[in-house]
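One structure is given below, encoded as structure tokens.
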Number of protein chains: 2
Amino acid sequence: MTVRRIETVIVADDHPLFRQGMRHIAERLYPQARVREADTMDEVLDLARAAPPQAVFLDLLFPGLDPQRSIRALREEFPKTSIIVVSMIEDEALIRTVMEEGADGFIAKSLPAAEIAVAITAVRDGEFVIRRNPRTDLVVSQPGLPPLTQRQRDVLRLVAQGRTNKEIARELDISPFTVRIHVSALLRALDVTSRAAAAAKAAHAGLGGLIGA
Amino acid sequence: MTVRRIETVIVADDHPLFRQGMRHIAERLYPQARVREADTMDEVLDLARAAPPQAVFLDLLFPGLDPQRSIRALREEFPKTSIIVVSMIEDEALIRTVMEEGADGFIAKSLPAAEIAVAITAVRDGEFVIRRNPRTDLVVSQPGLPPLTQRQRDVLRLVAQGRTNKEIARELDISPFTVRIHVSALLRALDVTSRAAAAAKAAHAGLGGLIGA
DNA sequence: TGCCTCATAGGACATATGCACTAGTAGACC
DNA sequence: GGTCTACTAGTGCATATGTCCTATGAGGCA
């Protein structure tokens with residue numbers, strides 16, 4: 001995937017200190033970009049509509065905000081924007097939910113700045129990224145998915161939810177033929193030969209799948 | 001699924017105290033059953049071959065034992081036995097792995113006896129069961145799968161790994177036609193209409209899918 | 001300008017999948 | 001013995017899926 005030039009970035013967080021930190025990271029990564037800061041979800045939407053951002057860094061605990069709906073709404077209105085959720089909470093179910101709702105990356109606030117920057121770059125390169133604080137007990141290998149185009153990520157999300165090509169076509173408002181193209185490319189990229197296997201890989205990588213209680 | 005009478009149970013754990021506790025639970029649940037105790041994996045196999053058990057309670061940290069291979073071997077040799085893994089460790093990746101290798105249930109050792117008994121009954125009723133110690137922070141709803149027959153669980157495991165009907169047929173050593181029967185019944189039971197959706201449901205229920213480090 | 005990738009849309013074709021039937025065998029239950 | 005379910009195996013058929021092909025427009029890059 002050709003990485004499009006970053007022109008506008010929105011940092012949405014109600015903690016001034018953290019917002020400053022994120023701005024700093026964004027400015028280091030993309031010196032030419034304009035970084036906007038937002039205090040509320042409405043402000044995010046206003047800023048985004050005024051100048052569609054290439055990336056949004058969204059605090060999960062945004063004041064009076066329902067993460068699910070907001071992320072889905074953002075994804076629908078700005079399909080090409082990298083939505084990166086940054087959060088204090090590292091609960092798995094929440095992570096899976098926001099990823100399924102359309103986020104491209106989930107980054108724990110507790111990570112060092114350098115790691116956050118790396119994760120952001122990976123997302124811009126087409127990867128789904130989930131970075132939590134390293135746990136001390138058991139080290140688990142994170143399978144990870146290869147870089148995918150935005151459309152491939154959209155499609156994978158839906159395939160991993162068990163949708164058919166027709167349903168995906170309706171959801172993304174494109175032709176079923178086009179969906180097949182994306183699915184084919186996706187299967188090649190994931191090195192599998194069936195959508196069910198793709199769903200399994202997605203589950204292993206952190207999209208979908210959840211152990212509860 | 002008709003619950004077959006429990007005649008023989010094997011408790012495999014190298015902690016005598018815990019083994020006693022498990023024996024107690026088993027005897028309360030199935031007064032008529034013979035409960036065997038095993039110290040090593042070889043002993044488990046010897047006992048099982050002498051008298052095929054309806055249920056095996058297996059300590060995950062068995063001396064010098066590779067959980068993956070042992071569980072898969074047990075499952076292959078005794079396809080109808082309920083394999084219930086009981087463990088000190090509650091690491092998710094480990095749980096998913098043992099469930100994928102053929103276990104029917106995973107139960108944390110830290111749970112009270114009553115809950116362990118309930119979980120065992122549910123497994124015997126055809127459910128996949130994963131019970132960890134309740135965490136205090138965020139309560140997550142565990143989707144849970146409806147009761148399935150042993151064959152349906154076998155098939156679901158493989159579907160959730162992205163296998164095709166042919167592959168499943170080879171793996172289970174039955175006809176592809178028969179696999180289709182099981183898949184059809186499975187889809188009905190899960191209330192979905194495609195294997196990919198079934199895989200997604202399985203992922204949500206704790207089979208497959210893993211968020212790492 | 002030319003070259004590239006990505007997203008879009010469609011045709012053709014082989015295979016896989018899912019469903020609706022029939023049917024035999026084995027075990028559990030009454 | 002009669003009845004029930006699970007597991008097995010098959011046929012037939014409609015639809016879904018996946019691959020290979022062509023083709024167009026947008027946008028980035030050299």
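Quantities reported herein were computed from a predicted structural model and do not represent experimental measurements. Residue numbers begin at 1 in each chain, while the letters A, B, ... track the order of the sequences.
For the pair A/Arg188 CZ and D/dG18 P, the interatomic distance rounds to 13 Å; values are reported in whole Å. The distance between atom CG of B/Leu158 and atom C1' of C/dA16, rounded to the nearest whole Å, is 17 Å. Between B/Leu187 atom CG and D/dT15 atom C1' the separation is 14 Å, expressed in whole Å. Atoms CD (A/Gln150) and C1' (C/dT8) sit 16 Å apart, rounded to a whole Å. Rounded to a whole Å, the CG atom of A/Leu190 is 14 Å from the C1' atom of D/dG18. Between the CZ atom of A/Arg195 and the C1' atom of C/dA16 there is a distance of 12 Å, rounded to whole Å. In this structure, CZ of B/Arg170 is placed 14 Å from C1' of C/dA16, rounded to the nearest angstrom. Counting to the nearest Å, the C1' atom of C/dA7 and the CG atom of A/Asp154 are 11 Å from each other.
Contact between the side-chain N/O atoms of B/Arg151 and the OP1/OP2 oxygens of D/dA6 is not found at any separation under 4.0 Å. Contact between the side-chain N/O atoms of A/Thr149 and the OP1/OP2 oxygens of C/dT5 is not found at any separation under 4.0 Å. Note on B/Asn165: a side-chain N or O is less than 4.0 Å away from OP1 or OP2 of C/dT17.
Each end of the helix from C/dT1-D/dA30 to C/dC30-D/dG1 gets its own axis, taken as the rotation carrying the C1' atoms of four end pairs onto the next four within a five-pair window, and the two axes meet at 50° to the nearest 10 degrees.
Legend: residues meeting side chain to side chain contact (heavy atoms under 4.5 Å, CB included) with A/Phe177, ordered by chain and number and at least two apart, are A/Ser175, A/Arg180.
Side chains of A/Leu145 and A/Leu156 form a contact here, defined as non-hydrogen atoms less than 4.5 Å apart. In this structure, the side chains of A/Asp39 and A/Arg19 come closer than 4.5 Å at one or more pairs of heavy atoms. Between B/Glu43 and B/Ile10 there is no side-chain heavy-atom pair separated by less than 4.5 Å. Considering only heavy atoms from C-beta on, B/Leu158 comes within 4.5 Å of B/Leu172 through its side chain. Residues A/Arg195 and A/Asn165 are in side-chain contact: their nearest non-hydrogen atoms beyond the backbone lie under 4.5 Å apart. The shortest distance between side-chain heavy atoms of A/Arg157 and A/Asp104 falls below 4.5 Å.
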Between A/Arg72 and A/Glu171, does a salt bridge (Lys or Arg N to Asp or Glu O under 4.0 Å) hold up when you go through it step by step? CA-CA 12 Å; A/Arg72 177 178 288 268; A/Glu171 176 84 23; 3.8 Å; yes

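Of the residues in residues 173-183 of chain B, B/Ile174, B/Ser175, B/Phe177, B/Thr178, B/Arg180, B/Ile181, B/His182 come within less than 4.0 Å of DNA chain D through at least one heavy atom, sorted by number.
Here the options are B/Val98, B/Ile83, B/Val86, the test is side chain to side chain contact (heavy atoms under 4.5 Å, CB included), and the partner is B/Phe106; only B/Val98 passes.
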